[in-house]
Amino acid sequence: MSYPLVEACHAARRPTPPTPPPFAHHGPALLTEALARIPEEAVRAFTTSWNDLPADAHLAADTPYRFRRYGRFRITGDGLERLPHVAFFQDRAVNKVSGGVARMFAPLDDAVACGPVLGAVVRTLREHLPGPRTGTDLCGVHQIRVTATDATDGHPAPEGVHRDGHNYVAQVLIRREDVLGAESCLYDLAGRAVHRASLSAPLETIVLDDRRVLHGVSPMRPAPGARRGVRDMLLVDFFPGR
């Protein structure tokens, strides 16, 4: 015989699972381990594909300093299903610079989109989301290069402190060369800084809950003695299926 009132009392006394922190900062080991079984030449081809990104045509700048490609995927039981290429759209409420505009970026190269590296990276990041991942089975993948010269600073986040309008966002450093600045900073919803980091080691990663924290990146310039600085990032947006 069951006793609903007693069972309800026991349930009321059970501790509520703690809410995970709204972000996690991982060293390179997380993704290095995920890629350990993939041939080195495949990993090298993936990271060097940033050398073939076209300029961001939606960036209002006299001299292009941001280059990018974009793709969308469904995360399946054993890999990634590439979805039709569409424009990237953010509401103006979350992006006051480029929000409200359907931005058509160049698609990911087939070798990147269908290769083993991207699948391993995305699936590993999804396993380490700072919160529930049930139903979060779609993702957007951005390859972004930002450059800076002695004449033009680079702006990794021209929209300033912002949210992206997704459930979770992962920021993976691919390359940082001759760069000063480009400090990543996370803020609580009241605008108070809660974490600062200059991602410096390849595959160093920040994964954040886009609903619970804001984020931004400071401008960058070349290091002393360098004429050009380069910062390559892989950004992965996670959101529910539709």
Side-chain angles (χ1 to χ4, degrees), residues 20 22-50 52-53 67-90 103 105-145 156 163-175 184 199 201-213 215 231-242:
F23 68 91
H25 184 171
H26 301 280
L30 176 69
L31 293 180
T32 298
E33 182 177 344
L35 300 177
R37 297 184 180 181
I38 296 176
E40 289 184 10
E41 57 268 26
V43 177
R44 189 177 308 111
F46 178 78
T47 58
T48 58
S49 68
W50 267 258
D52 187 35
L53 304 185
F67 307 82
R68 66 193 299 168
R69 292 182 182 273
Y70 173 66
R72 295 168 67 248
F73 299 85
R74 186 179 305 279
I75 305 168
T76 65
D78 57 358
L80 299 179
E81 174 192 347
R82 193 176 189 179
L83 299 177
H85 191 59
V86 297
F88 178 62
F89 182 84
Q90 291 174 297
R103 291 180 285 167
F105 299 124
L108 299 179
D109 186 80
D110 290 346
V112 171
C114 303
V117 176
L118 184 62
V121 168
V122 168
R123 292 175 63 81
T124 299
L125 294 173
R126 185 175 182 272
E127 291 171 1
H128 290 81
L129 298 178
R133 61 178 183 267
T134 302
T136 306
D137 56 359
L138 295 186
C139 69
V141 173
H142 309 252
Q143 287 184 288
I144 299 179
R145 166 172 286 183
R163 293 159 71 181
D164 285 345
H166 307 295
N167 283 15
Y168 303 99
V169 177
Q171 307 167 345
V172 182
L173 179 72
I174 301 298
R175 175 188 178 197
S184 299
L199 301 180
L203 300 183
E204 189 175 356
T205 300
I206 293 175
V207 188
L208 59 92
D209 187 332
D210 192 53
R211 299 156 296 184
R212 294 194 285 155
V213 289
H215 61 279
R231 184 177 185 261
D232 292 345
M233 296 291 296
L234 175 72
L235 304 183
V236 184
D237 308 321
F238 293 91
F239 44 92
R242 295 182 179 86

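Positions are given from 1, in the same order as the sequence printed here. Since the model is a prediction, treat every value here as computed from it, not as a measurement.
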Between Tyr168 and Arg211, a side-chain donor and acceptor under 3.5 Å: yes

Ring geometry between His26 and His128 (parallel below 30°, tilted from 30 to 60°, perpendicular above 60°): perpendicular

Salt-bridge criterion met for Asp137 and Arg126 (N-O under 4.0 Å): no

Trace of the side-chain contact (heavy atoms from CB on, under 4.5 Å) decision for Leu203 with Leu173: CA-CA 5 Å; Leu203 300 183; Leu173 179 72; over 6 Å; no

Shortest non-hydrogen contact between Ala42 and Pro116, atoms and distance: CB-CG, 4.5 Å

Heavy-atom closest contact (His85 atom, Tyr70 atom, distance): CE1-O, 3.2 Å

Residue pair Met233, Arg145: steps toward the side-chain contact (heavy atoms from CB on, under 4.5 Å) verdict: CA-CA 6 Å; Met233 296 291 296; Arg145 166 172 286 183; over 6 Å; no

Working for side-chain contact (heavy atoms from CB on, under 4.5 Å), residues Val141 and Asp237: CA-CA 7 Å; Val141 173; Asp237 308 321; over 6 Å; no

Closest non-hydrogen atom pair between Asp209 and Asn167, with its separation: OD1-O, 3.2 Å

Residue that, paired with His25, satisfies side-chain contact (heavy atoms from CB on, under 4.5 Å) out of Thr205, Val207, Leu199: Leu199

Distance, nearest 0.5 Å, that separates CG of Leu125 from CG of Leu31: 5.5 Å

Intermediate values then yes/no, side-chain contact (heavy atoms from CB on, under 4.5 Å), Val112 and Arg69: CA-CA 10 Å; Val112 171; Arg69 292 182 182 273; over 6 Å; no

CG on Leu118 to CG on Leu108, rounded to 0.5 Å: 7.0 Å

Note, Val122 side chain near Ile75 side chain (heavy atom, < 4.5 Å): yes

Student check: side-chain heavy atoms of His215 and Ile206 closer than 4.5 Å: no

Heavy-atom check, side chain of Leu138 versus side chain of Phe73, under 4.5 Å: no

Side-chain donor or acceptor of Asp232 paired with backbone N/O of Trp50 under 3.5 Å: no

Short side-chain to backbone donor-acceptor contact, Asp109 and Ala111, under 3.5 Å: yes

Spacing of Arg82 atom CZ and Cys114 atom SG [to the nearest 0.5 Å]: 5.5 Å

Enclosure of Glu40 CD (heavy-atom neighbours >12, cutoff 6.0 Å): no

Least distance between heavy atoms, Pro22 atom then Pro130 atom: O-CG, 3.8 Å

Heavy-atom side-chain contact between Thr124 and Leu30 under 4.5 Å: yes

Any donor-acceptor N/O pair, Glu204 side chain to Ala201 backbone, under 3.5 Å: yes

Test item: Val172 and Val236 side chains (from C-beta on) under 4.5 Å apart, heavy atoms: no

Residue pair Phe105 / Arg68: nearest heavy atoms and the distance that separates them: CE2-CD, 3.4 Å

Distance, nearest 0.5 Å, that separates NE2 of His142 from CG of Leu234: 9.5 Å

Qualifying residue for side-chain contact (heavy atoms from CB on, under 4.5 Å) with Phe238, from Asp210, Leu129, Val169: Leu129

Heavy-atom side-chain proximity of Val213 to Arg163 below 4.5 angstrom: no

Side-chain donor-acceptor pair present, Gln143, Ser49, cut-off under 3.5 Å: yes

Over all atoms of both residues, closest heavy-atom pair of His166 and Phe239: ND1-CD2, 3.7 Å

